[in-house]
**Q** 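If you scroll down you'll find the structure; I have some questions about it.
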Amino acid sequence: MSDITHRVHGLADDVVSPDWPALHADEVALLLHRYPALGKPLSIRWHSPRPLSTAVLIDTDAGAAFVKRHHRLVRSVATLGEEHRFMAHLRAASMPIPEVIEDMDGQTAIAIGDWVYEIHAVADGTDLYRDAISWSPIVESGHARAAGHILATLHEAAAGYLADQRSTHILVARSELLAADDPAAALALQLADRPGLADYLRQRDWPTDLQRMLAPWHTTLSPRVAQQPVLWTHNDWHVSNLCWSDDGPNARVASVLDFGLSSRTFALFDLATAIERNAIAWLALEQGHGAVHADIASALIDGYREVRALSADDIHLLADLLPLVHVDFALSEVEYFHAVTGSRANADVAYDTFLLGHAAWFATPPGRTLLQAIRAQA
């Protein structure tokens, strides 16, 4: 039964009823039978407002833990394992990532009925942006610099990770369409294995829409993307997925969270995603140039450069990526809303506002201003 008092972030800077029922104490207690080291649950301290899964912080008589639950149509034991193995590699390279806790059988992902669960140790640091909407810009340029620095550090740690690509497209950010000479043809080939997305796209003139969206940006982009060194990346680098040493303007990053969108892409893809997530007020575009936070984009780049060099060509590719870096993930959201939650309204938002609207915004004066500011960093 859903907890009617629990609300989650919507798609329009609002709060809405969740698609997934809240985690309840009895459900958590049943799960914890498989984790004897965690002790007995005492209470649920906090319900996450993130909408695509269900998560809580719990207190037990042995401490605290973070419990996250996915529907089996979104994540399986196998697809969660892909994330967990990447996280384990990064932790072994001294990245500050909370441990994924094993159950009594040594498993980090547990399937029970329609649900798949994972339990994490509580992250170190202060969750300054806990309530921030995922598309809201960073407040402090010092936080942006710190976020850029730790992102580059993660890329250094990921360099030796050689796993295959994710086995799912659902709510995963990928870059295959960007690298394709003909993205429409590449997408058409995917649809046989993505029946939910295919069903939605039958109702849209998607080849025409995709061609119109890609035309201003893609011709010179794909050959350069194809030359980028392959790297496993985070792909959801928003400050709400970071915990901090303190609440001051020069706080450092204490923990990195949420590898749900991670996949095999390339480093500049991840940095472009970080700029898209943190330097544009997507939910307040009516502000015009006020929605552009070029100082945050510059600080992210400056922080990144403290660890990893970026050439002039890198910076120009970074700017050229921004209008299209969202494409694969936007289509995965269309697929999720249409085929998993059954919301035509949300699928339309993902298609019209996210997939097409994000790219179109970069042709507006504010969008061009941001791209020019990034190119000026070369």
Side-chain angles (χ1 to χ4, degrees), residues 9-11 19 50-53 70 73-75 79 82-83 86 133-136 151 165-180 183-184 186-187 190-191 193-194 196-198 200-201 204 206 209-210 213-214 217-218 221-222 225 228 230-238 240-241 257-280 282-283 318 320-341 343 346-362:
H9 294 160
L11 300 182
D19 288 321
R50 308 291 165 189
L52 305 180
S53 60
H70 312 264
L73 296 178
V74 179
R75 287 292 179 269
T79 53
E82 293 163 357
E83 301 167 23
F86 182 40
I133 299 287
S134 292
W135 300 103
S136 55
L151 178 60
Q165 180 58 288
R166 296 294 296 269
S167 59
T168 183
H169 287 270
I170 295 286
L171 299 183
V172 169
R174 296 169 58 153
S175 59
E176 285 93 339
L177 296 183
L178 292 184
L187 178 58
Q190 291 180 5
L191 293 181
D193 296 321
R194 304 175 71 179
L197 180 60
Y200 179 88
L201 291 180
R204 310 295 298 245
W206 68 267
D209 290 341
L210 206 61
M213 177 188 68
L214 294 167
W217 317 107
H218 187 263
L221 185 64
S222 59
V225 168
Q228 291 297 300
V230 170
L231 187 74
W232 267 72
T233 47
H234 184 278
N235 302 335
D236 194 14
W237 204 254
H238 186 258
S240 60
N241 285 328
L257 311 175
D258 198 349
F259 284 75
L261 275 60
S262 62
S263 71
R264 195 169 180 258
T265 65
F266 55 97
L268 291 178
F269 179 93
D270 216 7
L271 182 54
T273 299
I275 293 170
E276 183 213 21
R277 294 282 196 273
N278 296 286
I280 304 163
W282 288 109
L283 301 177
L318 183 65
D320 293 346
L321 278 169
L322 266 172
L324 299 180
V325 73
H326 69 296
V327 167
D328 280 82
F329 183 63
L331 287 165
S332 84
E333 282 210 331
V334 172
E335 187 173 6
Y336 168 79
F337 287 124
H338 180 73
V340 178
T341 68
S343 172
N346 283 350
D348 286 346
V349 169
Y351 186 90
D352 293 312
T353 304
F354 188 13
L355 176 65
L356 304 181
H358 271 41
W361 179 83
F362 283 97

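Keep in mind the model is a prediction, meaning the values are calculated, not measured. Just so you know, these numbers use all the heavy atoms, side chains as well, and skip hydrogens, waters and symmetry mates. For this chain, numbers begin at 1 and follow the sequence in order.
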**Q** Rounded to the nearest 0.5 Å, how far apart are CG of Leu324 and CG of Leu214?
**A** 5.5 Å
**Q** Checking Asp348 now: which residues fulfil salt bridge (Lys or Arg N to Asp or Glu O under 4.0 Å) with it, not counting sequence neighbours?
**A** Arg204, Arg344
**Q** Report the residues that fulfil ring-ring contact (aromatic ring centres under 6.0 Å, His included) with Phe269, sequence neighbours left out, ordered by chain and then residue number.
**A** Phe266
**Q** Is there side-chain contact between Val74 and Leu52, with heavy atoms separated by less than 4.5 Å?
**A** no
**Q** Taking side-chain hydrogen bond (donor to acceptor under 3.5 Å, both in side chains) as the definition, give me every residue that meets it alongside Thr273, ordered by chain and number, with sequence neighbours left out.
**A** none
**Q** Salt bridge (Lys or Arg N to Asp or Glu O under 4.0 Å): which pairs involve residues 257-279, sequence neighbours left out?
**A** Lys68-Asp258, Asp236-Arg277
**Q** Looking only at heavy atoms, what is the nearest atom pair of Leu322 and Ala272, with distance?
**A** CD2-O, 3.3 Å
**Q** Can you tell me how far apart CG (Leu73) and CG (Leu171) are? Round to the nearest 0.5 Å.
**A** 11.5 Å
**Q** With sequence neighbours left out, what residues match Trp237 under ring-ring contact (aromatic ring centres under 6.0 Å, His included)?
**A** His234
**Q** Nearest heavy-atom pair of Ala339 and Gly196: which atoms, and what distance?
**A** CB-CA, 3.6 Å
**Q** Can you find a pair of side-chain heavy atoms, one from Leu321 and one from Val225, that are under 4.5 Å apart?
**A** yes
**Q** State the NE2-OG distance between His169 and Ser332, to the nearest 0.5 angstrom.
**A** 9.5 Å
**Q** Quick one: closest heavy-atom pair of Tyr351 and Trp206, and the distance?
**A** OH-CA, 3.4 Å
**Q** Could you give the distance from CD (Gln228) to OG1 (Thr265), rounded to the nearest 0.5 Å?
**A** 10.0 Å
**Q** Does Gln190 reach the side chain of Leu177, with side-chain heavy atoms less than 4.5 Å apart?
**A** yes
**Q** Suppose we screen for side-chain contact (heavy atoms from CB on, under 4.5 Å). Which residues come up paired with Ala198, at least two apart in sequence or across chains?
**A** Leu191, Arg202
**Q** CG/Asp328 to CG/Leu187 distance, rounded to the nearest 0.5 angstrom?
**A** 8.5 Å
**Q** Apply side-chain contact (heavy atoms from CB on, under 4.5 Å) to residues Val325 and Ile275 and explain how you reach the verdict.
**A** CA-CA 10 Å; Val325 73; Ile275 293 170; over 6 Å; no
**Q** As an exercise, state the distance from CG of Leu201 to CG of Leu331, rounded to the nearest 0.5 Å.
**A** 7.0 Å
**Q** Name all residues meeting the ring-ring contact (aromatic ring centres under 6.0 Å, His included) criterion together with His358; count only those two or more places apart in sequence or in a different chain, and write none if there are none.
**A** Trp135, Trp282, His326, Phe354
**Q** Applying side-chain contact (heavy atoms from CB on, under 4.5 Å), name anything that partners Ala360, two or more places apart in sequence or on another chain.
**A** none
**Q** Taking only residues two or more places apart in sequence or in another chain, which ones pass side-chain hydrogen bond (donor to acceptor under 3.5 Å, both in side chains) with Glu176?
**A** Gln165, Arg174
**Q** Return yes if some donor-acceptor pair links the side-chain N/O of Asn235 with the main-chain N/O of Ala173 below 3.5 Å, else return no.
**A** yes
**Q** Just to verify, what does Tyr336 make a ring-ring contact (aromatic ring centres under 6.0 Å, His included) with, not counting sequence neighbours?
**A** none
**Q** Is there a side-chain contact between Glu333 and Asn346 in this structure, where contact means two heavy atoms from C-beta onward sitting under 4.5 Å apart?
**A** no
**Q** Please report the shortest heavy-atom distance between Ala359 and Met213, naming the atom on each side.
**A** CB-CG, 3.4 Å
**Q** Of all the heavy-atom pairs spanning Phe362 and Pro323, show the shortest one and how long it is.
**A** CD1-CA, 3.5 Å
**Q** Please list, chain by chain and in numerical order, all residues satisfying side-chain hydrogen bond (donor to acceptor under 3.5 Å, both in side chains) with His218, sequence neighbours excluded.
**A** none
**Q** With sequence neighbours excluded, what pairs up with Glu82 under the side-chain hydrogen bond (donor to acceptor under 3.5 Å, both in side chains) test?
**A** Arg166, Ser167
**Q** Could you pull out the closest heavy-atom pair between Val172 and Ser263, with the gap in Å?
**A** CG1-CB, 3.8 Å
